[in-house]
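The next block holds one structure in the form of structure tokens; read it before the comments.
These figures come from a predicted structure and were not determined experimentally. Letters go in sequence order (proteins before strands), and every chain restarts at 1.
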Protein chains: 2
Amino acid sequence: MATNNVRVREPWPLDETDTVIVRQLQRDARTPNNQLAELAGIAPSTCLARVRSLVDRGVITGFEARVDPAALGLGLQALISVSVRSGARHRMAEFSAEMRRMPDVLQLFFLGGSEDFILHIAARDSAHVRDFVLEHLSAHPFVASTRTSMVFEHVDRAVTIP
Amino acid sequence: MATNNVRVREPWPLDETDTVIVRQLQRDARTPNNQLAELAGIAPSTCLARVRSLVDRGVITGFEARVDPAALGLGLQALISVSVRSGARHRMAEFSAEMRRMPDVLQLFFLGGSEDFILHIAARDSAHVRDFVLEHLSAHPFVASTRTSMVFEHVDRAVTIP
DNA sequence: CATGAAAAGTCTAAAGG
DNA sequence: CCTTTAGACTTTTCATG
């Protein structure tokens with residue numbers, strides 16, 4: 001039996017109406033409730049209740065504005081694979097918490113496999129990438145090695161509703 | 001109403017007011033304009049103009065609802081590094097376009113360095129991951145090799161406004 | 001669960017400093 | 001670039017099917 005749940009979870013069937021609502025909110029989180037209702041073919045008050053329920057059930061986890069790093073002068077992105085020293089394996093949670101406090105870090109993946117972490121960072125230029133790696137990774141007592149790759153293209157899509 | 005302005009990229013001249021607005025919209029894209037104005041210490045109509053300007057300037061690229069893949073039955077995530085056969089290097093754009101059409105793909109990174117792509121996928125279970133790799137990658141004529149790592153933890157943060 | 005109607009609140013254009 | 005004003009529009013609550 002599937003026992004891998006992080007918290008109690010409703011079985012995932014979104015009905016037709018919820019699916020329409022969620023897809024539209026993925027496209028535009030600020031769609032007015034009455035337009036959303038019309039798209040879904042229900043009354044605005046019903047639609048409001050549906051949206052609230054989707055949030056309460058944890059299907060929708062937030063509404064956020066996307067910001068283009070390049071428009072803020074952060075025109076470069078990199079992925080950095082990080083291997084943790086074997087003696088520091090038990091402190092990876094600590095390392096992870098430290099990394100997510102760095103303003104340059106966009107994403108952190110904690111992995112099973114030959115690499116321990118992948119960091120996705122935004123930077124002004126290659127000197128900024130280099131400084132990040134040297135100051136925050138290579139010099140870090142938990143870090144065994146790193147490998148940096150420049151990101152030429154990044155596609156970030158919303159999860160597709162089945 | 002997307003007006004197709006050519007966007008001149010002015011690196012990061014966000015003043016104090018824009019910064020407050022953008023930070024709040026990153027936290028909650030549906031903050032009412034009124035509240036946003038009050039937070040920023042300006043009149044609502046001014047705030048409205050600021051938000052529009054941020055969108056027009058390409059600083060804010062969209063407003064979206066976040067959906068938890070696990071709540072849809074996709075409780076597992078993986079990163080898959082893909083190396084492209086040297087004979088297919090000139091067709092990587094084609095490959096990239098193909099991959100982003102797959103519903104399982106959350107993100108695609110096109111990289112410079114020893115690996116060509118990293119795919120971030122969401123899956124129901126490990127059989128789903130295996131099937132994805134076997135059917136869409138290993139069997140693909142452009143693909144030389146792949147390496148799959150399970151994602152134990154994923155932190156995705158909004159870009160920090162300097 | 002879904003609805004309509006009414007109250008409460010919000011949006012936004014225009015005109016003016 | 002910012003503000004005020006005022007009408008139109010949206011959201012939200014709640015009594016009821």
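The nucleotide whose nearest atom lies closest to any side-chain atom of N33(A) is, among dT12(D), dA13(C), dT3(C), dT12(D).
Residue D104(B) is tested with R124(B), H128(B), H120(B) for a side chain to side chain donor-acceptor pair (under 3.5 Å); the sole match is H128(B).
Taking atom CG on N34(A) and atom C1' on dT11(D), their separation rounds to 8 Å, with Å as the unit. The distance between atom CZ of R57(A) and atom P of dC1(C), rounded to the nearest whole Å, is 9 Å. The nearest whole Å value for the distance from the CD atom in Q35(A) to the C1' atom in dC9(D) is 12 Å. Rounded to an integer number of Å, the gap from CZ of R30(B) to C1' of dT11(D) is 11 Å. Distance L36(A) CG to dT11(D) P: 9 Å, rounded to the nearest Å. Distance, L39(B) CG to dT10(C) P: 13 Å, rounded to whole Å. In this structure, the CZ atom of R52(A) is 10 Å from the P atom of dC14(D), given to the nearest Å. Across the protein-nucleic acid pair, L48(B) atom CG and dT5(D) atom P stand 18 Å apart, rounded to whole Å.
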**OP:** Under the ring-ring contact (aromatic ring centres under 6.0 Å, His included) rule, what do F110(B) and H154(A) come out as? Steps first, then yes or no, please.
**Re:** CA-CA 6 Å; F110(B) 176 13; H154(A) 178 211; over 10 Å; no
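Counting heavy atoms from C-beta on, the side chains of F63(B) and R30(B) never come closer than 4.5 Å.
Contact of S45(B) with dT4(D) (side chain to base): a donor-acceptor pair of N or O atoms is detected under 3.5 Å.
Around atom CD of E38(B), no more than 12 heavy atoms belonging to other residues, nucleotides or ligands sit under 6.0 Å away.
When heavy atoms are screened at a 4.0 angstrom cut-off, A43(A) is found touching the sugar-phosphate backbone but no base atom.
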